[in-house]
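A quick write-up on the structure given underneath.
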Amino acid sequence: MNLQSQVALIPMKQEIFHSAEELELESGERLEEFDIQYTTYGEIAPDGGNVIWIVHALTGDSNAAEWWSGLIGEDKFYDPAKDFIICANLLGSCYGSTNPLSKKPGSDKSFFYEFPELTTRDLASSLERLRLHLGIRKIHTLIGGSLGGQVALEWAWELGDSLKNLIVLASTAKTSPWTIGFNETQRMSIESDVTWGEEIPNAGQVGLKTARAIAMLSYRHPKDFQRKQSDTEEKLDRFKASSYLRYQGEKLAKRFNALSYWLLSKTMDSHDLGRKRGGSAKALSEIKARVLAVGVNSDLLFLPEESQFISSHAKRGTYKEILSDAGHDAFLIEFEQLSSYIGSFYLEQKS
Ligand SMILES: CC(=O)SCCNC(=O)CCNC(=O)[C@H](O)C(C)(C)COP(=O)(O)OP(=O)(O)OC[C@H]1O[C@@H](n2cnc3c(N)ncnc32)[C@H](O)[C@@H]1OP(=O)(O)O
Ligand SMILES: N[C@@H](CCO)C(=O)O
C-alpha cells in the first residue's frame with residue numbers, strides 16, 4: 001500500500017507481514033502465527049548498505065517520520081532520498097501488529113487476557129523474522145529509545161555481524177527496580193478499573209488514563225513542570241499540573257489500548273540483556289556492532305548511568321548525553337543534539 005504521510009508529506013509504504021510460522025517465546029509459550037505491521041521510507045540501495053531500522057518506544061507506532069519528524073524526512077538527518085528507513089509496530093502493540101485484541105488462530109475470539117507474556121527478546125525475534133522475510137542482509141543502523149532501545153539491544157546481540165551500528169537512547173541493559181516500580185503502579189491503576197477482567201476491547205481504558213498520568217511524571221522532570229505548569233499565587237485549586245496530567249491521560253486513552261499497555265509494560269520489566277548470557281556486562285561485550293549510547297541528564301526513569309553502563313561494556317562503545325530539562329522524553333524532542341551526536345558517531349567511524 002502506498003501512502004502519503006499527512007504530517008510529514010513523505011512518500012511511504014505500509015505493509016503487514018504475516019508469519020505463518022510459529023514464534024517460540026522465552027516463557028515457553030508459543031504464538032502460532034503473528035502479524036507485524038511496518039512502514040518504510042525510501043528505497044534499499046543496490047549494495048543494501050543504507051538500511052536504518054527504527055524501534056519505537058512504549059506507545060509509538062511504525063510512522064517514525066511523524067513522531068520523529070525532527071530526525072527523519074526531507075533534508076533531515078535520516079533522509080528517504082538516501083536512506084531506506086524502516087520501523088515496525090512492536091508485537092503486542094495496538095497499531096496493526098498481533099496484540100491482545102487480535103483473534104486467536106482458528107477462533108472468532110480475541111486473546112484478551114490469554115495473550116502470552118512477551119519479552120524484549122521475543123520482540124527482537126519477531127523483528128528478525130521480518131528482516132529475513134524482506135531479504136535484508138545487513139542493517140547499517142539500528143536505533144531505538146526507551147523500550148525501543150531495550151529491544152534494539154536484544155536484537156543487536158542476536159544480529160552479530162549483520163548489524164553495523166547500534167544507537168540506544170535513554171534506555172538500559174536491564175530494567176531497574178525503580179522502573180519496574182513505576183510500571184507496577186501503572187498496572188495497578190489499570191487493574192483497579194472496574195472493567196478490567198471483562199472481555200471487551202475497552203477494558204481498563206479509564207485506568208489507562210491514570211497510568212499515563214503516572215507515567216508522565218517519569219517522562220518529564222520537575223524543572224519542566226516548574227517552567228510549563230506553574231500557577232500564580234491566587235490559585236487554590238485546578239492547578240495547571242493537574243489539568244496537564246489529566247489531559248495527557250485522556251489523550252493516550254483515545255489512541256492506545258489498556259491491554260497492550262499492560263502487556264508491554266511487563267515486557268519492559270522483564271528486560272535483561274544478560275539473562276542466561278552470564279550477565280549484562282558480558283552480553284554487552286558480545287555485541288559486534290559499534291554502539292552509541294545516549295543518556296539524558298534529566299532522565300528520572302532510565303538514568304544516564306544506565307546508558308553509560310551500556311557504552312562502557314560494549315567492545316566499541318561511545319557515550320553522549322543530551323542536556324535538557326525535558327526529562328526521559330528528551331530523546332523524542334531534542335533533535336539538534338541527537339543529530340549532532342549521531343553525526344559525530346558516524347564520522348568517528350570514517351576517521
Ligand atoms: C497515532 C499516534 O499518535 S502515534 C504515537 C505518537 N506518539 C509517540 O510515538 C510517542 C512518542 N511521543 C510522545 O511521547 C510525545 O508526543 C512527545 C514526548 C514527543 C511530546 O509530548 P507532548 O504531549 O506533545 O508535549 P507536552 O508534554 O509538552 O504536552 C503538550 C500537550 O499538553 C497540553 N497541555 C500543556 N499544558 C497543559 C495544561 N496545563 N492543561 C491541559 N493541557 C495542557 C498542550 O496543549 C499539548 O496538547 P496537544 O498534544 O493536544 O497539542
Ligand atoms: N513517551 C514515550 C516514551 C516512553 O518511554 C512513549 O509514550 O512511548
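In what follows, residues are counted from 1 in the order of the sequence shown. We count ligands from 1, going down the list as the structure has it; atoms in each ligand are counted the same way.
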Non-hydrogen protein atom less than 4.0 angstrom from [atom]:
atom                    : answer
atom 51 (O) of ligand 1 : no
atom 3 (O) of ligand 1  : yes
atom 15 (C) of ligand 1 : no

Before signing off on this row, confirm whether [X] and ligand 1 have an N or O atom pair separated by under 3.5 Å.
X    : result
W67  : no
T59  : no
S243 : yes

Give me the nearest non-hydrogen protein atom to [atom] as residue plus atom name, then the distance to 0.1 Å.
atom                    : value
atom 46 (C) of ligand 1 : Y247 CE2, 4.2 Å
atom 43 (C) of ligand 1 : Y244 CD1, 3.9 Å
atom 25 (O) of ligand 1 : R220 NH2, 3.9 Å
atom 18 (C) of ligand 1 : D329 OD2, 3.3 Å
atom 49 (O) of ligand 1 : K251 NZ, 2.5 Å
atom 36 (N) of ligand 1 : Q229 NE2, 3.1 Å

N/O donor-acceptor pair under 3.5 Å between E306 side chain and A173 backbone: no
Classify the contact between N63 and ligand 1 as side chain, backbone, both or neither, using a heavy-atom distance cut-off of under 4.0 Å. neither
Report the part of H56 (side chain from C-beta onward, or backbone N, CA, C, O) that has a heavy atom under 4.0 Å from ligand 1; answer both or neither where that applies. neither
Between [X] and [Y], does at least one N-O distance fall below 4.0 Å, as a salt bridge requires?
X    : Y    : result
E154 : R275 : no
K76  : D79  : no
R220 : D329 : yes

Do the side-chain N and O atoms of [X] and [Y] include a donor-acceptor pair separated by under 3.5 angstrom?
X    : Y   : answer
R255 : T59 : yes
Q14  : N63 : yes
D61  : H56 : no

If you measure from atom 29 (O) of ligand 1 to every heavy atom of K254, Q248, R255, E66, which option wins on shortest distance? Q248
Please state which option from L332, N89, L58, D231 has its nearest heavy atom closest to atom 19 (C) of ligand 1. L332
Nearest-0.5 Å distance, CG of residue N183 to NZ of residue K266: 10.0 Å
Measuring from L245:CG to F225:CZ, what's the distance to the nearest 0.5 Å? 4.5 Å
Worked check of side chain to side chain donor-acceptor pair (under 3.5 Å) between H313 and S280: CA-CA 9 Å; H313 291 283; S280 302; over 6 Å; no
Are F256 and Y95, when compared by the centres of their aromatic rings, separated by less than 6.0 Å? yes
Using ring centroids (six-membered ring only for Trp), state whether Y78 and H140 fall under 6.0 Å. no
So what's ligand 2 close to, N/O to N/O, under 3.5 Å?
residue	atom	partner	partner atom	Å
ligand 2	1 (N)	D329	OD1	2.9
ligand 2	1 (N)	D329	OD2	3.3
ligand 2	5 (O)	S146	OG	2.6
ligand 2	5 (O)	H328	NE2	3.0
ligand 2	7 (O)	T59	OG1	2.6
ligand 2	7 (O)	R212	NH1	2.9
ligand 2	7 (O)	R212	NH2	3.2
ligand 2	8 (O)	L58	N	3.3
ligand 2	8 (O)	T59	N	2.9
ligand 2	8 (O)	T59	OG1	3.3

Test salt bridge (Lys or Arg N to Asp or Glu O under 4.0 Å) applied to E128 and R121, step by step: CA-CA 10 Å; E128 176 65 4; R121 211 167 283 183; over 6 Å; no
Heavy-atom gap K228 to ligand 1 smaller than 4.0 Å: yes
